[in-house]
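Side chains included, hydrogens not; waters and symmetry mates left out as well; all remaining heavy atoms used. Order of the sequence lines fixes the chain letters, A, B, ..., with proteins taken first and strands second; residue numbering starts at 1 for each chain.
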2 protein chains.
Amino acid sequence: MAKIATTVYEQIRTAILNGELSNSERLVEEDLAVSMGISRTPVREALRRLAAEGLVDVSPNRGARVAEWDVHDLREIFDLRSILESHACELATPRASASEIEFLENVCLEMEELAKTNIASETRLPALAARNRIFHGKIIEMSNSTRLELLIETLIHVPIVMQTYKVYSPEALQRSLHHHREIVNAMKAGDEVWASSVMRAHVLAAREEILGQTEES
Amino acid sequence: MAKIATTVYEQIRTAILNGELSNSERLVEEDLAVSMGISRTPVREALRRLAAEGLVDVSPNRGARVAEWDVHDLREIFDLRSILESHACELATPRASASEIEFLENVCLEMEELAKTNIASETRLPALAARNRIFHGKIIEMSNSTRLELLIETLIHVPIVMQTYKVYSPEALQRSLHHHREIVNAMKAGDEVWASSVMRAHVLAAREEILGQTEES
DNA sequence: GCTGCTCTATTTGTATACAAAATTTAACGT
DNA sequence: ACGTTAAATTTTGTATACAAATAGAGCAGC
(Lines give C-alpha, C1' and ligand atoms only; values in the text may rest on other atoms or scores of the structure.)
Protein backbone atom coordinates (compact mmCIF):
# COMPACT_ATOMS: atom_id res chain seq x y z
CA MET A 1 0.00 0.00 0.00
CA ALA A 2 1.12 3.51 -0.74
CA LYS A 3 2.41 5.66 2.06
CA ILE A 4 -0.23 7.75 3.77
CA ALA A 5 1.88 10.88 3.44
CA THR A 6 1.92 10.49 -0.33
CA THR A 7 -1.84 10.00 -0.46
CA VAL A 8 -2.42 13.11 1.64
CA TYR A 9 0.03 15.04 -0.48
CA GLU A 10 -1.83 14.13 -3.65
CA GLN A 11 -5.21 14.89 -2.15
CA ILE A 12 -4.28 18.35 -0.94
CA ARG A 13 -2.43 19.03 -4.14
CA THR A 14 -5.32 18.27 -6.47
CA ALA A 15 -7.63 20.19 -4.16
CA ILE A 16 -5.42 23.24 -4.58
CA LEU A 17 -4.98 22.82 -8.32
CA ASN A 18 -8.71 22.43 -8.82
CA GLY A 19 -9.29 25.60 -6.89
CA GLU A 20 -11.30 23.78 -4.22
CA LEU A 21 -9.45 25.67 -1.53
CA SER A 22 -9.99 29.38 -1.44
CA ASN A 23 -7.15 31.81 -1.81
CA SER A 24 -4.58 31.80 0.96
CA GLU A 25 -6.84 29.55 3.03
CA ARG A 26 -5.24 28.34 6.19
CA LEU A 27 -4.29 24.67 6.26
CA VAL A 28 -4.39 23.48 9.85
CA GLU A 29 -2.54 20.23 10.37
CA GLU A 30 -4.92 18.85 12.98
CA ASP A 31 -8.03 19.65 10.94
CA LEU A 32 -6.69 17.96 7.83
CA ALA A 33 -5.60 15.00 9.93
CA VAL A 34 -8.95 14.35 11.58
CA SER A 35 -10.85 14.95 8.35
CA MET A 36 -8.81 12.16 6.79
CA GLY A 37 -8.81 9.99 9.87
CA ILE A 38 -5.04 9.96 10.27
CA SER A 39 -2.45 11.58 12.52
CA ARG A 40 -0.68 14.90 12.03
CA THR A 41 2.65 13.37 11.11
CA PRO A 42 1.93 12.47 7.48
CA VAL A 43 -0.09 15.66 7.01
CA ARG A 44 2.91 17.65 8.13
CA GLU A 45 5.16 15.86 5.68
CA ALA A 46 2.70 16.47 2.85
CA LEU A 47 2.48 20.17 3.63
CA ARG A 48 6.24 20.60 3.67
CA ARG A 49 6.46 18.85 0.34
CA LEU A 50 3.82 21.14 -1.11
CA ALA A 51 5.74 24.09 0.32
CA ALA A 52 8.89 22.97 -1.48
CA GLU A 53 6.88 22.93 -4.71
CA GLY A 54 5.57 26.39 -4.00
CA LEU A 55 1.92 25.38 -3.78
CA VAL A 56 1.63 26.42 -0.14
CA ASP A 57 3.46 28.99 1.95
CA VAL A 58 4.50 28.02 5.45
CA SER A 59 5.78 30.39 8.10
CA PRO A 60 7.51 29.15 11.26
CA ASN A 61 5.09 28.55 14.11
CA ARG A 62 2.28 29.95 12.00
CA GLY A 63 1.45 27.07 9.74
CA ALA A 64 0.64 26.66 6.09
CA ARG A 65 -1.61 28.59 3.73
CA VAL A 66 -2.54 27.99 0.13
CA ALA A 67 -0.10 30.01 -1.97
CA GLU A 68 -1.29 33.01 -3.90
CA TRP A 69 -0.08 34.41 -7.19
CA ASP A 70 -0.37 37.95 -8.46
CA VAL A 71 0.13 39.35 -11.95
CA HIS A 72 3.83 39.80 -11.33
CA ASP A 73 4.22 36.15 -10.35
CA LEU A 74 2.38 35.02 -13.46
CA ARG A 75 4.63 37.15 -15.64
CA GLU A 76 7.70 35.58 -14.05
CA ILE A 77 6.30 32.10 -14.45
CA PHE A 78 5.47 32.46 -18.12
CA ASP A 79 8.74 34.17 -18.92
CA LEU A 80 10.64 31.29 -17.40
CA ARG A 81 8.40 28.72 -19.02
CA SER A 82 8.98 30.31 -22.42
CA ILE A 83 12.71 29.97 -21.94
CA LEU A 84 12.75 26.49 -20.43
CA GLU A 85 10.15 24.90 -22.66
CA SER A 86 11.79 26.24 -25.77
CA HIS A 87 15.01 24.71 -24.49
CA ALA A 88 13.12 21.45 -24.03
CA CYS A 89 12.10 21.61 -27.72
CA GLU A 90 15.71 22.20 -28.69
CA LEU A 91 16.82 19.10 -26.81
CA ALA A 92 13.84 16.98 -27.83
CA THR A 93 13.94 17.61 -31.57
CA PRO A 94 17.12 15.69 -32.45
CA ARG A 95 16.08 12.83 -30.15
CA ALA A 96 12.48 12.53 -31.29
CA SER A 97 11.51 9.06 -32.51
CA ALA A 98 8.85 8.42 -35.14
CA SER A 99 6.47 7.00 -32.54
CA GLU A 100 6.90 10.02 -30.30
CA ILE A 101 6.11 12.35 -33.19
CA GLU A 102 3.08 10.23 -33.93
CA PHE A 103 1.98 10.47 -30.32
CA LEU A 104 2.19 14.26 -30.44
CA GLU A 105 0.26 14.32 -33.70
CA ASN A 106 -2.48 12.27 -32.11
CA VAL A 107 -2.73 14.71 -29.22
CA CYS A 108 -3.00 17.53 -31.77
CA LEU A 109 -5.80 15.70 -33.54
CA GLU A 110 -7.71 15.11 -30.33
CA MET A 111 -7.42 18.75 -29.38
CA GLU A 112 -8.57 19.89 -32.81
CA GLU A 113 -11.61 17.64 -32.49
CA LEU A 114 -12.39 19.00 -29.04
CA ALA A 115 -12.09 22.57 -30.28
CA LYS A 116 -15.00 22.12 -32.66
CA THR A 117 -17.81 24.21 -31.33
CA ASN A 118 -20.48 21.54 -31.32
CA ILE A 119 -19.08 20.09 -28.10
CA ALA A 120 -20.33 21.53 -24.84
CA SER A 121 -17.76 23.81 -23.29
CA GLU A 122 -18.09 22.34 -19.78
CA THR A 123 -16.87 19.04 -21.14
CA ARG A 124 -14.33 20.22 -23.61
CA LEU A 125 -12.41 22.79 -21.59
CA PRO A 126 -11.10 20.39 -18.95
CA ALA A 127 -10.44 17.85 -21.70
CA LEU A 128 -8.49 20.43 -23.70
CA ALA A 129 -6.53 21.46 -20.64
CA ALA A 130 -5.66 17.84 -19.94
CA ARG A 131 -4.46 17.27 -23.53
CA ASN A 132 -2.49 20.49 -23.36
CA ARG A 133 -0.67 19.26 -20.30
CA ILE A 134 0.03 15.97 -22.01
CA PHE A 135 1.42 17.75 -25.06
CA HIS A 136 3.77 19.97 -23.10
CA GLY A 137 4.67 17.19 -20.70
CA LYS A 138 5.58 14.82 -23.50
CA ILE A 139 7.98 17.28 -25.10
CA ILE A 140 9.59 17.99 -21.75
CA GLU A 141 9.96 14.26 -21.19
CA MET A 142 11.45 13.85 -24.66
CA SER A 143 14.13 16.40 -23.77
CA ASN A 144 15.57 13.69 -21.52
CA SER A 145 16.72 16.18 -18.93
CA THR A 146 15.59 15.26 -15.43
CA ARG A 147 16.49 18.64 -14.05
CA LEU A 148 14.76 20.58 -16.79
CA GLU A 149 11.69 18.49 -16.13
CA LEU A 150 11.89 19.30 -12.45
CA LEU A 151 12.33 23.02 -12.97
CA ILE A 152 9.39 23.28 -15.34
CA GLU A 153 7.20 21.21 -13.04
CA THR A 154 7.64 23.69 -10.24
CA LEU A 155 6.52 26.44 -12.61
CA ILE A 156 3.54 24.68 -14.12
CA HIS A 157 1.70 23.78 -10.94
CA VAL A 158 -0.31 26.92 -10.57
CA PRO A 159 -4.08 26.79 -10.75
CA ILE A 160 -4.43 29.42 -13.42
CA VAL A 161 -1.79 27.73 -15.51
CA MET A 162 -3.55 24.40 -15.09
CA GLN A 163 -6.78 25.92 -16.27
CA THR A 164 -5.24 27.91 -19.10
CA TYR A 165 -7.93 27.21 -21.67
CA LYS A 166 -10.68 28.58 -19.46
CA VAL A 167 -9.66 32.13 -20.28
CA TYR A 168 -8.92 31.58 -23.96
CA SER A 169 -10.90 33.33 -26.62
CA PRO A 170 -11.88 31.17 -29.64
CA GLU A 171 -9.19 32.91 -31.73
CA ALA A 172 -6.53 32.38 -29.08
CA LEU A 173 -7.52 28.72 -28.88
CA GLN A 174 -7.14 28.32 -32.63
CA ARG A 175 -3.76 30.01 -32.57
CA SER A 176 -2.68 27.76 -29.73
CA LEU A 177 -3.62 24.64 -31.68
CA HIS A 178 -1.80 25.91 -34.76
CA HIS A 179 1.28 26.45 -32.63
CA HIS A 180 1.10 22.87 -31.44
CA ARG A 181 0.88 21.62 -35.02
CA GLU A 182 3.74 23.81 -36.08
CA ILE A 183 5.93 22.58 -33.24
CA VAL A 184 5.35 18.98 -34.23
CA ASN A 185 6.06 19.79 -37.87
CA ALA A 186 9.30 21.50 -36.92
CA MET A 187 10.36 18.54 -34.80
CA LYS A 188 9.45 16.18 -37.61
CA ALA A 189 11.67 18.21 -39.92
CA GLY A 190 14.46 17.96 -37.36
CA ASP A 191 14.66 21.73 -37.12
CA GLU A 192 15.25 22.48 -33.46
CA VAL A 193 15.61 26.21 -34.00
CA TRP A 194 12.20 26.35 -35.63
CA ALA A 195 10.63 24.11 -32.99
CA SER A 196 12.05 26.03 -30.05
CA SER A 197 11.11 29.38 -31.57
CA VAL A 198 7.48 28.38 -32.02
CA MET A 199 7.37 27.01 -28.49
CA ARG A 200 8.72 30.27 -27.16
CA ALA A 201 6.12 32.22 -29.08
CA HIS A 202 3.44 29.79 -27.98
CA VAL A 203 4.11 30.25 -24.27
CA LEU A 204 4.50 34.01 -24.57
CA ALA A 205 1.18 34.19 -26.41
CA ALA A 206 -0.43 32.27 -23.55
CA ARG A 207 1.12 34.73 -21.15
CA GLU A 208 -0.47 37.69 -22.87
CA GLU A 209 -3.81 35.94 -23.05
CA ILE A 210 -3.82 35.16 -19.34
CA LEU A 211 -2.38 38.45 -18.15
CA GLY A 212 -4.91 40.37 -20.22
CA GLN A 213 -7.66 38.37 -18.62
CA THR A 214 -6.51 38.63 -15.03
CA GLU A 215 -5.86 42.35 -15.15
CA GLU A 216 -9.47 43.01 -16.09
CA SER A 217 -10.89 40.97 -13.24
CA MET B 1 15.61 30.71 19.00
CA ALA B 2 15.68 29.15 15.56
CA LYS B 3 13.81 25.95 14.93
CA ILE B 4 15.82 22.80 15.46
CA ALA B 5 14.76 21.44 12.09
CA THR B 6 16.30 24.44 10.36
CA THR B 7 19.55 24.09 12.28
CA VAL B 8 19.79 20.42 11.38
CA TYR B 9 18.98 21.20 7.78
CA GLU B 10 21.79 23.73 7.56
CA GLN B 11 24.26 21.45 9.29
CA ILE B 12 23.65 18.50 7.01
CA ARG B 13 23.57 20.77 4.02
CA THR B 14 26.94 22.39 4.60
CA ALA B 15 28.38 18.98 5.42
CA ILE B 16 27.26 17.75 2.00
CA LEU B 17 28.41 20.86 0.16
CA ASN B 18 31.82 20.72 1.81
CA GLY B 19 32.16 17.12 0.76
CA GLU B 20 32.37 15.93 4.37
CA LEU B 21 29.97 13.12 3.61
CA SER B 22 31.17 10.49 1.21
CA ASN B 23 29.36 9.80 -2.00
CA SER B 24 25.90 8.28 -1.66
CA GLU B 25 26.49 7.77 2.05
CA ARG B 26 23.47 6.57 3.91
CA LEU B 27 21.82 9.11 6.20
CA VAL B 28 20.11 7.22 9.02
CA GLU B 29 17.59 9.37 10.86
CA GLU B 30 18.26 7.88 14.28
CA ASP B 31 22.04 8.19 13.95
CA LEU B 32 21.86 11.84 12.96
CA ALA B 33 19.38 12.48 15.76
CA VAL B 34 21.48 11.00 18.56
CA SER B 35 24.68 12.57 17.22
CA MET B 36 22.98 15.95 17.55
CA GLY B 37 21.19 15.10 20.77
CA ILE B 38 17.70 15.61 19.37
CA SER B 39 14.79 13.45 18.25
CA ARG B 40 14.15 11.99 14.82
CA THR B 41 11.29 14.35 13.98
CA PRO B 42 13.31 17.44 13.02
CA VAL B 43 15.95 15.28 11.34
CA ARG B 44 13.24 13.79 9.19
CA GLU B 45 11.97 17.20 8.23
CA ALA B 46 15.47 18.38 7.34
CA LEU B 47 16.11 15.34 5.15
CA ARG B 48 12.87 15.81 3.23
CA ARG B 49 13.78 19.43 2.65
CA LEU B 50 17.18 18.45 1.35
CA ALA B 51 15.52 15.89 -0.88
CA ALA B 52 13.29 18.59 -2.38
CA GLU B 53 16.43 20.56 -3.18
CA GLY B 54 18.02 17.53 -4.75
CA LEU B 55 20.90 17.27 -2.31
CA VAL B 56 19.81 13.86 -1.03
CA ASP B 57 17.85 11.03 -2.57
CA VAL B 58 15.20 9.32 -0.49
CA SER B 59 13.40 6.09 -1.36
CA PRO B 60 10.26 4.98 0.49
CA ASN B 61 11.01 2.79 3.48
CA ARG B 62 14.67 2.84 2.56
CA GLY B 63 15.79 6.17 3.83
CA ALA B 64 18.00 8.95 2.52
CA ARG B 65 21.39 8.96 0.86
CA VAL B 66 23.66 11.79 -0.20
CA ALA B 67 22.88 12.52 -3.85
CA GLU B 68 25.43 11.79 -6.51
CA TRP B 69 26.13 13.58 -9.76
CA ASP B 70 27.67 12.14 -12.87
CA VAL B 71 29.03 13.87 -15.96
CA HIS B 72 25.59 13.86 -17.53
CA ASP B 73 24.08 15.64 -14.53
CA LEU B 74 26.79 18.27 -14.59
CA ARG B 75 26.19 18.92 -18.27
CA GLU B 76 22.48 19.41 -17.58
CA ILE B 77 23.18 21.71 -14.67
CA PHE B 78 25.56 23.96 -16.54
CA ASP B 79 23.36 24.07 -19.63
CA LEU B 80 20.45 25.26 -17.52
CA ARG B 81 22.59 27.68 -15.58
CA SER B 82 23.86 29.20 -18.83
CA ILE B 83 20.28 29.81 -19.92
CA LEU B 84 18.91 31.04 -16.61
CA GLU B 85 21.85 33.18 -15.55
CA SER B 86 21.98 34.88 -18.92
CA HIS B 87 18.29 35.60 -18.49
CA ALA B 88 19.12 37.05 -15.08
CA CYS B 89 21.60 39.40 -16.77
CA GLU B 90 18.96 40.45 -19.25
CA LEU B 91 16.55 41.35 -16.46
CA ALA B 92 19.19 42.89 -14.23
CA THR B 93 20.81 45.21 -16.77
CA PRO B 94 18.00 47.74 -17.22
CA ARG B 95 17.37 47.75 -13.46
CA ALA B 96 20.97 48.08 -12.33
CA SER B 97 21.66 51.08 -10.08
CA ALA B 98 24.99 52.88 -9.92
CA SER B 99 25.69 51.48 -6.47
CA GLU B 100 24.97 47.93 -7.60
CA ILE B 101 27.37 48.33 -10.52
CA GLU B 102 29.94 49.67 -8.10
CA PHE B 103 29.41 46.69 -5.84
CA LEU B 104 30.04 44.30 -8.73
CA GLU B 105 33.15 46.26 -9.74
CA ASN B 106 34.48 45.90 -6.22
CA VAL B 107 33.96 42.17 -6.30
CA CYS B 108 35.84 42.08 -9.60
CA LEU B 109 38.69 44.03 -8.05
CA GLU B 110 38.90 41.73 -5.07
CA MET B 111 38.98 38.69 -7.29
CA GLU B 112 41.68 40.19 -9.50
CA GLU B 113 43.77 40.86 -6.40
CA LEU B 114 43.25 37.32 -5.15
CA ALA B 115 44.26 35.91 -8.53
CA LYS B 116 47.76 37.36 -8.26
CA THR B 117 50.11 34.46 -7.82
CA ASN B 118 51.88 35.71 -4.71
CA ILE B 119 48.97 34.58 -2.55
CA ALA B 120 49.00 31.01 -1.30
CA SER B 121 46.52 28.90 -3.21
CA GLU B 122 45.05 27.27 -0.10
CA THR B 123 43.88 30.67 1.03
CA ARG B 124 42.91 32.19 -2.27
CA LEU B 125 40.88 29.39 -3.82
CA PRO B 126 38.11 29.35 -1.21
CA ALA B 127 38.20 33.14 -1.17
CA LEU B 128 37.86 33.25 -4.95
CA ALA B 129 35.02 30.74 -4.88
CA ALA B 130 33.23 32.80 -2.24
CA ARG B 131 33.58 36.00 -4.30
CA ASN B 132 32.42 34.13 -7.37
CA ARG B 133 29.25 33.08 -5.59
CA ILE B 134 28.71 36.65 -4.44
CA PHE B 135 29.14 37.94 -7.99
CA HIS B 136 26.67 35.51 -9.53
CA GLY B 137 24.31 35.79 -6.59
CA LYS B 138 24.23 39.58 -6.78
CA ILE B 139 23.27 39.57 -10.46
CA ILE B 140 20.56 37.00 -9.84
CA GLU B 141 19.25 39.13 -6.99
CA MET B 142 19.34 42.20 -9.23
CA SER B 143 17.10 40.40 -11.72
CA ASN B 144 14.33 40.84 -9.15
CA SER B 145 12.70 37.53 -10.01
CA THR B 146 12.02 35.39 -6.97
CA ARG B 147 11.33 32.34 -9.05
CA LEU B 148 14.41 32.69 -11.21
CA GLU B 149 16.43 33.00 -8.02
CA LEU B 150 14.81 29.84 -6.70
CA LEU B 151 15.40 27.83 -9.87
CA ILE B 152 19.05 28.79 -10.08
CA GLU B 153 19.59 28.04 -6.40
CA THR B 154 18.48 24.45 -6.86
CA LEU B 155 21.05 24.13 -9.66
CA ILE B 156 23.95 25.77 -7.92
CA HIS B 157 24.01 23.64 -4.78
CA VAL B 158 26.25 20.92 -6.02
CA PRO B 159 29.62 20.38 -4.39
CA ILE B 160 31.61 20.56 -7.59
CA VAL B 161 29.85 23.74 -8.60
CA MET B 162 30.54 25.25 -5.20
CA GLN B 163 34.22 24.48 -5.58
CA THR B 164 34.49 25.56 -9.20
CA TYR B 165 37.80 27.37 -8.95
CA LYS B 166 39.57 24.33 -7.57
CA VAL B 167 39.75 22.77 -11.00
CA TYR B 168 40.55 25.95 -12.93
CA SER B 169 43.82 26.33 -14.80
CA PRO B 170 45.51 29.76 -14.47
CA GLU B 171 44.38 30.64 -18.01
CA ALA B 172 40.80 29.61 -17.31
CA LEU B 173 40.84 31.68 -14.15
CA GLN B 174 42.03 34.74 -16.06
CA ARG B 175 39.37 34.22 -18.70
CA SER B 176 36.74 33.89 -16.00
CA LEU B 177 37.77 37.18 -14.40
CA HIS B 178 37.75 38.92 -17.78
CA HIS B 179 34.22 37.61 -18.31
CA HIS B 180 33.15 39.11 -15.01
CA ARG B 181 34.62 42.47 -15.96
CA GLU B 182 32.98 42.36 -19.37
CA ILE B 183 29.60 41.54 -17.85
CA VAL B 184 29.82 44.54 -15.55
CA ASN B 185 30.90 46.77 -18.41
CA ALA B 186 27.99 45.59 -20.51
CA MET B 187 25.55 46.24 -17.69
CA LYS B 188 27.08 49.66 -17.11
CA ALA B 189 26.52 50.42 -20.80
CA GLY B 190 22.92 49.28 -20.39
CA ASP B 191 23.41 46.65 -23.08
CA GLU B 192 21.45 43.63 -21.87
CA VAL B 193 22.13 41.61 -25.01
CA TRP B 194 25.84 42.02 -24.54
CA ALA B 195 25.66 41.27 -20.84
CA SER B 196 23.54 38.17 -21.20
CA SER B 197 25.69 36.86 -24.06
CA VAL B 198 28.87 37.13 -22.04
CA MET B 199 27.19 35.47 -19.07
CA ARG B 200 26.08 32.61 -21.27
CA ALA B 201 29.61 32.19 -22.63
CA HIS B 202 31.00 32.49 -19.12
CA VAL B 203 28.93 29.62 -17.72
CA LEU B 204 29.48 27.42 -20.76
CA ALA B 205 33.23 27.99 -20.48
CA ALA B 206 33.04 26.87 -16.86
CA ARG B 207 31.13 23.80 -18.00
CA GLU B 208 33.89 22.79 -20.38
CA GLU B 209 36.55 23.41 -17.78
CA ILE B 210 34.82 21.24 -15.20
CA LEU B 211 33.71 18.49 -17.55
CA GLY B 212 37.20 18.22 -18.97
CA GLN B 213 38.56 17.86 -15.46
CA THR B 214 36.06 15.31 -14.20
CA GLU B 215 36.36 13.06 -17.23
CA GLU B 216 40.07 12.62 -16.64
CA SER B 217 39.71 11.64 -13.00
C1' DG C 1 32.32 -20.78 -4.40
C1' DC C 2 27.80 -19.18 -5.32
C1' DT C 3 22.70 -18.76 -4.92
C1' DG C 4 18.60 -18.49 -2.37
C1' DC C 5 16.23 -18.84 1.95
C1' DT C 6 14.85 -17.71 6.91
C1' DC C 7 15.34 -15.23 10.92
C1' DT C 8 16.98 -11.31 13.47
C1' DA C 9 18.23 -6.58 13.97
C1' DT C 10 17.79 -2.01 11.94
C1' DT C 11 15.36 1.46 10.18
C1' DT C 12 11.50 3.83 8.41
C1' DG C 13 6.43 5.30 8.79
C1' DT C 14 2.72 6.66 11.71
C1' DA C 15 0.45 7.67 16.07
C1' DT C 16 0.36 9.95 20.32
C1' DA C 17 1.96 13.13 24.11
C1' DC C 18 3.56 17.27 25.69
C1' DA C 19 5.91 21.94 25.51
C1' DA C 20 6.37 26.41 23.16
C1' DA C 21 4.44 29.78 20.37
C1' DA C 22 0.73 32.22 18.24
C1' DT C 23 -4.07 33.40 17.79
C1' DT C 24 -8.32 34.38 19.76
C1' DT C 25 -11.24 35.85 23.38
C1' DA C 26 -12.33 38.40 27.38
C1' DA C 27 -11.68 41.88 30.53
C1' DC C 28 -10.38 46.32 31.65
C1' DG C 29 -9.49 51.17 31.59
C1' DT C 30 -9.77 55.38 29.15
C1' DA D 1 -17.10 52.82 21.77
C1' DC D 2 -12.29 52.12 21.22
C1' DG D 3 -7.88 50.36 22.00
C1' DT D 4 -4.80 47.77 25.24
C1' DT D 5 -3.52 44.14 28.01
C1' DA D 6 -4.00 39.51 29.95
C1' DA D 7 -5.93 35.05 30.20
C1' DA D 8 -7.69 31.09 27.49
C1' DT D 9 -7.61 28.45 23.42
C1' DT D 10 -5.71 26.85 19.43
C1' DT D 11 -1.92 25.37 16.70
C1' DT D 12 2.72 24.36 15.74
C1' DG D 13 7.27 22.08 17.02
C1' DT D 14 9.59 18.30 19.19
C1' DA D 15 9.91 13.98 21.70
C1' DT D 16 8.68 9.35 22.36
C1' DA D 17 6.32 4.81 21.35
C1' DC D 18 5.13 1.25 18.48
C1' DA D 19 4.01 -1.15 14.02
C1' DA D 20 5.49 -2.22 9.28
C1' DA D 21 9.08 -2.73 6.10
C1' DT D 22 13.80 -3.49 4.86
C1' DA D 23 18.61 -5.00 5.14
C1' DG D 24 21.92 -8.14 6.65
C1' DA D 25 23.74 -12.35 8.85
C1' DG D 26 23.84 -16.98 8.90
C1' DC D 27 22.85 -21.35 6.96
C1' DA D 28 21.13 -25.00 3.58
C1' DG D 29 21.45 -26.67 -0.93
C1' DC D 30 23.63 -26.98 -5.45
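C:dA20 atom P lies 11 Å from atom CD1 of B:Ile4, rounded to whole Å. Atom C1' of nucleotide C:dT12 and atom CG of B:Asp57 are separated by 17 Å, given to the nearest angstrom. Distance, A:Glu29 CD to C:dA15 C1': 14 Å, rounded to whole Å. Rounded to an integer number of Å, the gap from CG of B:Leu32 to P of D:dA15 is 14 Å. Atom CG in B:Asn61 sits roughly 6 Å away from atom C1' in C:dT12 (whole-Å rounding). A:Met36 places its CE atom 13 Å from the P atom of C:dT14, with the value rounded to the nearest Å.
As judged by a 4.0 angstrom heavy-atom cut-off over every strand, B:Leu27 is placed among residues touching the sugar-phosphate backbone only. No contact: A:Arg65 has no heavy atom under 4.0 Å from any strand. The residue A:Leu47 sits apart from the nucleic acid: no heavy atom pair falls under 4.0 Å.
In this model, the phosphate group of D:dA15 is approached by a side-chain N or O of B:Ser39 to a distance below 4.0 Å at OP1 or OP2. Here A:Arg40 does not reach the OP1 or OP2 of D:dA15: none of its side-chain N or O atoms lies under 4.0 Å away. Listed pair A:Arg44 / D:dT12 fails the phosphate criterion, with no side-chain N or O lying under 4.0 Å from OP1 or OP2.
Looking only at distances, no side-chain donor or acceptor of B:Glu29 sits under 3.5 Å from a matching main-chain atom of B:Arg40. A:Asp70 contributes a side-chain N or O that, together with a main-chain N or O of A:His72, makes up a donor-acceptor pair within less than 3.5 Å.
Within the 4.5 Å cutoff, the side chain of B:Arg49 has no heavy atoms near those of the A:Arg49 side chain.
Which of D:dT11, C:dT11, C:dT14 sits closest to the side chain of B:Asp31 comes down to C:dT11. Across D:dT11, C:dT11, C:dG13, the shortest atom-to-atom separation from the side chain of A:Lys3 is found for C:dG13. If you check D:dG13, D:dT11, C:dA15 against the side chain of A:Arg48, the one that comes closest is D:dG13.
Scanning atom types as modelled, no donor and acceptor separated by under 3.5 angstrom connect the side chain of A:Arg62 and the base of D:dG13.
Side-chain N/O atoms of B:Glu53 and B:Thr154 include no donor and acceptor closer than 3.5 Å. A:Ser143 and A:Ser145 form no side-chain donor-acceptor contact under 3.5 Å, judged by distance and modelled atom types alone.
Summary of the strand contacts: A:Pro60 and A:Glu45 both lie near DNA chain C, and taking for each the nucleotide with the nearest heavy atom, the more 5' one is attributed to A:Glu45.
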